[in-house]
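First comes the structure, then the notes that go with it.
Positions are given from 1, in the same order as the sequence printed here. Predicted, not measured: the structure shown is a model, and the values here were computed from it.
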Amino acid sequence: MEFMKRFALYSCTALLLAGMLMLTGCETTDVESAPAPKQTVTRPSQPKQPAATTAPKTTQPAPKTQADLEYEKSLGSLASSAISKEMFEEDKAVILQKVEELDLIMRQKNYKKWVTYLDDESIKYWQTKSNLQNISSKLPIKGLKLTSLEDYFNYVFIGSRVGKSVDQIRYVTDTYVNAVQERDGKDIVYYTFRKVNGEWKVHLRTLEEM
């Protein structure tokens, strides 16, 4: 009887141990293996390309206008620092206005008015008898003798200028200007003006200047 109890106890113990072993084996097979760590591949860094440089844009000079070209032509060899463009435009307007007034004076043969347009040097020179005699020999009218400045006005000044068109000026110096008609690329000089005390006066060319 005692033997049977012990046998039963041993049998239960053996069964219990076998069951535990079976549970342990099952748990082992159900555990998932941990994933292998990922390997990081380091690639060599590419050198940075320098930023493309944009070439600076060159500013093209503005094309010259007709007024610009006329200004340069009127100055000739004079530096622009001596006569600014504004001064040129002002001088040109004043001188061409005087030319218009002189044309009317010549048509009216208004000697007294004409004299007021002359510089003192011209008046003094052409009132000299010897100079009038010398110019007389150069006139197209043979035998005509000039005896006064008024004769010079009537027979020399009017004859070569009345009705002539003048449209441009040409600087000789900053105080001497020729009023001209431009024809076929050439300048025909009809008047010379001299600035006296800030005012443009007609300068009559002397025999030496002709």
Just by distance, no angles: are the side chains of Glu150 and Ser148 close enough, under 3.5 Å, to form a donor-acceptor pair? no

Would you confirm whether Lys201, through its side chain, and Thr116, through its main-chain N or O, come within 3.5 Å as a donor-acceptor pair? yes

Do Lys64 and Glu72 have side chains that get closer than 4.5 Å, going by heavy atoms? yes

Do Asp187 and Gln168 come close enough that some side-chain heavy atom pair is under 4.5 Å? no

Looking only at heavy atoms, what is the nearest atom pair of Ile123 and Leu149, with distance? CG2-CD2, 4.1 Å

Side chains of Asp91 and Trp200 only: does a donor on one sit below 3.5 Å from an acceptor on the other? yes

When clusters are formed from ILVMFWY side-chain contacts under 4.5 Å, directly or step by step, what else is grouped with Leu69? none

Looking at Val196, is its backbone amide N or carbonyl O close enough to the side chain of Glu199 to form a donor-acceptor pair, meaning the two atoms are under 3.5 Å apart? no

Would you indicate whether the side-chain heavy atoms of Tyr152 and Thr147 approach each other to under 4.5 Å? no

Between the CE atom in Met87 and the CG atom in Asp174, the distance rounded to the nearest 0.5 Å is 7.0 Å

Qualifying residues under salt bridge (Lys or Arg N to Asp or Glu O under 4.0 Å), relative to Asp151, sequence neighbours excluded: none

Indicate yes or no: at least one non-hydrogen side-chain atom of Met210 is less than 4.5 angstrom from one of Thr206. no

Assess the side chains of Gln97 and Glu101: does a donor N or O sit below 3.5 Å from an acceptor N or O? yes

Distance check, rounded to the nearest 0.5 Å: Lys142 atom NZ versus Leu144 atom CG? 11.0 Å

Enter the distance from Lys164:NZ to Leu102:CG here, rounded to the nearest 0.5 Å. 15.5 Å

Nearest heavy atoms of Tyr125 and Glu208, plus distance in Å: OH-OE1, 3.1 Å

Has Ser136 got a side-chain atom pairing as donor or acceptor with Lys145's backbone, closer than 3.5 angstrom? no

CD (Glu90) with more than 12 external heavy atoms under 6.0 Å: no

side-chain contact (heavy atoms from CB on, under 4.5 Å), that's the test. Do Val180 and Ile169 meet it? Break it down for me. CA-CA 6 Å; Val180 307; Ile169 65 172; over 6 Å; no

Measure from the ring center of Tyr176 to the ring center of His203 and say whether it is less than 6.0 Å. yes

At what distance, to the nearest 0.5 angstrom, does OH of Tyr190 lie from CZ of Phe157? 12.5 Å

Look at the side chain of Thr128 and the backbone N and O of Asn131, then say whether any donor-acceptor pair between them is shorter than 3.5 Å. no

Show the numbers, then the answer: is there a side-chain contact (heavy atoms from CB on, under 4.5 Å) between Ile95 and Val177? CA-CA 9 Å; Ile95 289 171; Val177 171; 3.7 Å; yes

Taking Ser84 for its side chain and Ser80 for its backbone only, find out whether a donor-acceptor pair lies under 3.5 Å. no

Measuring from Leu75:CG to Phe88:CZ, what's the distance to the nearest 0.5 Å? 8.0 Å

What verdict does the side-chain contact (heavy atoms from CB on, under 4.5 Å) test give for Arg161 and Tyr191, after you've listed the backbone C-alpha separation in whole Å, the side-chain angles of each residue and the deciding distance to 0.1 Å? CA-CA 8 Å; Arg161 294 172 179 84; Tyr191 302 89; 3.6 Å; yes

Is atom NZ of Lys85 surrounded by more than 12 heavy atoms (other residues, nucleotides or ligands) closer than 6.0 Å? yes

Hydrophobic clustering (ILVMFWY, side-chain heavy atoms < 4.5 Å, transitive) - are Leu118 and Val172 grouped together? no

Inter-residue atom distance Glu182.CD - Lys73.NZ, 0.5 Å rounding: 3.5 Å

Show me the side-chain donor-acceptor pairs of residues 104-115 shorter than 3.5 Å, one per line, residues at least two apart or across chains.
| residue | atom | partner | partner atom | Å |
| --- | --- | --- | --- | --- |
| Arg107 | NE | Asp103 | OD2 | 2.9 |
| Arg107 | NH2 | Asp103 | OD2 | 3.3 |
| Asn110 | OD1 | Lys113 | N | 3.1 |

Do you know the tightest heavy-atom contact between Val189 and Thr192? CG1-OG1, 4.3 Å

Using the rule given for side-chain contact (heavy atoms from CB on, under 4.5 Å), can you reason through Lys92 versus Glu70, listing the C-alpha separation, both sets of side-chain angles and the distance that settles it, and then say yes or no? CA-CA 11 Å; Lys92 181 178 178 179; Glu70 190 56 47; 4.2 Å; yes

Under 3.5 Å, is there a donor-acceptor pair linking the side chains of Gln66 and Tyr71? no

Does the Thr173 side chain pair with the main chain of Thr175, one donor and one acceptor, at a distance under 3.5 Å? yes

